[in-house]
Amino acid sequence: MDSGEGHMRMVQGPVVEAADPWDPESRTAELNRPGEPVPPLDEPDTDDPIVPPRDAGLPGWFDRWRGVLRRCAPGLLPIGLIAALPMHFFVGRVDDTVVAAPALSDLLGGFGLLLLPLMWLAYFAVSALPLVLALAGTVAVAVAEAASGARPGPRRVWRLVANRLRPLWLWFAAFSLLTQALPLLLTADRLGAAVAVPLAIGLGALSTAVLTFIGVLGCVVLIEREHGRRRAQHLCSRARLGGLAAAALGVTVLPRLTDAAWGGLAGGMASTAVAVATVLLWAIAALVTYAQARRADSRVTSESLFAELSAPEPE
């Protein structure tokens, strides 16, 4: 056989020259020696402070959630205090605007009734604000702390998420319209007392499902930026949503139970405190669930998440 460039020399087995990594036309590759173990392509991130290891299950998820809460609780306290303001003073019931309609009519004549839809839209927008503040602040604090080992200051938190607050608010306001308008349209007075309990359970389940989904969606909007609903749907299919769903159920149920148990002004204050606490816990659960879903797709670390979060806005 004639010798040439493509000739393979046999020395007790095939010997193949290593490929040139800078030559895109190279058609040779390095082979492992017989008996050598094949190196793993993707090592699990067992020590990452946010991202659970691949196939870690609920214990691994809960360990990351608890770690974020323990490390970042002091940094989340100011965010909770800011979110408490719209939670308590500005977020009321939609049917309160219906009660206000006669007063508007007396003050402004028939034109006052035209303001009623604007009042509803303002309500839906403001009711989404605590979720926006809690999730954006939690993502910025937790991701920056995990990447650098130190809690970020208020200015750094603001710079990380300021440009993404508007699209995040628009998404959350749209879903707030769904979850807040249905209780106004579907009431026991209209449908009958017999459906009161099933209706309450159904609306609570809907609110929990929406909060579960928008938790992942919000992280997509904040970190990945150009992606949206379809990306969130894909990540939800890759994640184990049990922990996030439990946190969303707490946001739906616990403030109402607190208000019903206490009543009056004290009940309102206690309900606000419980609502802010459960929303912050939900935001941590959303971040850890999002990181777990990203880890199921490919290798991801807290540092890579921080790099995406701090990247400049695409033009």
Side-chain angles (χ1 to χ4, degrees), residues 45-53 56 59-88 129-169 172 211 214-225 243-244 247-248 250-251 272-295 299-313:
D45 302 312
T46 54
D47 297 328
D48 193 278
I50 291 180
V51 184
W61 182 95
F62 183 74
D63 182 66
R64 296 302 186 270
W65 179 86
R66 182 177 54 188
V68 173
L69 176 61
R70 182 180 64 252
R71 296 189 309 271
C72 300
L76 297 179
L77 183 59
I79 297 171
L81 294 177
I82 295 173
L85 186 66
M87 185 83 75
H88 183 76
L129 183 58
L131 297 177
V132 172
L133 295 175
L135 184 62
T138 299
V139 168
V141 170
V143 173
E145 189 278 336
S148 64
R151 286 193 301 271
R155 291 184 179 179
R156 191 179 187 189
V157 171
W158 174 255
R159 288 198 300 267
L160 286 174
V161 296
N163 293 330
R164 305 307 299 163
L165 290 180
R166 184 174 65 178
L168 184 65
W169 197 349
F172 278 25
L211 283 172
I214 67 173
V216 178
L217 173 64
C219 292
V220 170
V221 173
L222 288 169
I223 297 176
E224 300 185 39
R225 304 190 180 199
L244 179 55
V251 176
T272 299
V274 171
V276 171
T278 54
V279 164
L280 289 175
L281 297 179
W282 163 83
I284 298 175
L287 175 60
V288 176
T289 302
Y290 167 78
Q292 185 182 49
R294 289 282 303 269
R295 184 67 183 86
R299 183 179 176 85
V300 66
T301 63
S302 298
E303 288 78 8
S304 65
L305 293 178
F306 178 74
E308 293 181 51
L309 183 65
S310 57
E313 286 290 313

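Not measured: the values here are computed from a predicted model.
- Taking every heavy atom of both residues into account, A140 and V157 meet most closely at CB-CG1, 3.7 Å.
- The side-chain heavy atoms of L160 and S310, taken from C-beta on, include a pair separated by under 4.5 Å.
- Among all heavy-atom pairs drawn from P152 and A144, the shortest one is CG-CB, 3.7 Å.
- In this structure, SG in C72 is found 11.5 Å from CG in L280, a value given to the nearest 0.5 Å.
- No donor-acceptor pair under 3.5 Å is formed between the side chain of R64 and the backbone N or O of T289.
- Across all their heavy atoms, L287 and T138 have their closest contact at CD2-O, 4.5 Å.
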Using the ring pair (Phe, Tyr, Trp, His ring centres under 6.0 Å) rule, take F172 and W169 through it: C-alpha gap first, then chi angles, then the decisive distance, then the call. CA-CA 5 Å; F172 278 25; W169 197 349; over 10 Å; no
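- Taking CG from L222 and CG from N163, the interatomic distance works out to 11.0 Å, rounded to the nearest 0.5 Å.
- Checking side-chain atoms of W65 against main-chain N and O of L281 turns up a donor-acceptor pair under 3.5 Å.
- Under the 4.5 Å side-chain criterion, counting only non-hydrogen atoms from C-beta, P130 is not in contact with V276.
- Within the 3.5 Å criterion, the main-chain N or O of S302 finds a donor-acceptor partner in the side chain of D48.
- S304 places no side-chain N or O within 3.5 Å of a backbone atom of V300 that could act as its donor or acceptor partner.
- Between L131 and L211 the shortest side-chain heavy-atom distance falls below 4.5 Å.
- For the side-chain hydrogen bond (donor to acceptor under 3.5 Å, both in side chains) condition, the pairs that include at least one residue of residues 215-224, sequence neighbours left out, are E224-R231, E224-Y290, E224-R294.
- Between A146 and I50 the shortest heavy-atom distance is CB-CD1, 3.6 Å.
- Residues F62 and V288 are not in side-chain contact: their nearest non-hydrogen atoms beyond the backbone lie 4.5 Å or more apart.
- Contact detail for R295 and P52: the closest heavy-atom pair is CG-O, 3.7 Å.
- Taking all atoms of both residues into account, the shortest heavy-atom contact from L133 to A83 is CD1-CA, 4.1 Å.
- At a threshold of 4.5 Å between non-hydrogen side-chain atoms, the residues I214 and W282 count as touching.
- In terms of modelled atom types and a separation under 3.5 Å, the side chain of R164 and the main chain of V221 share a donor-acceptor contact.
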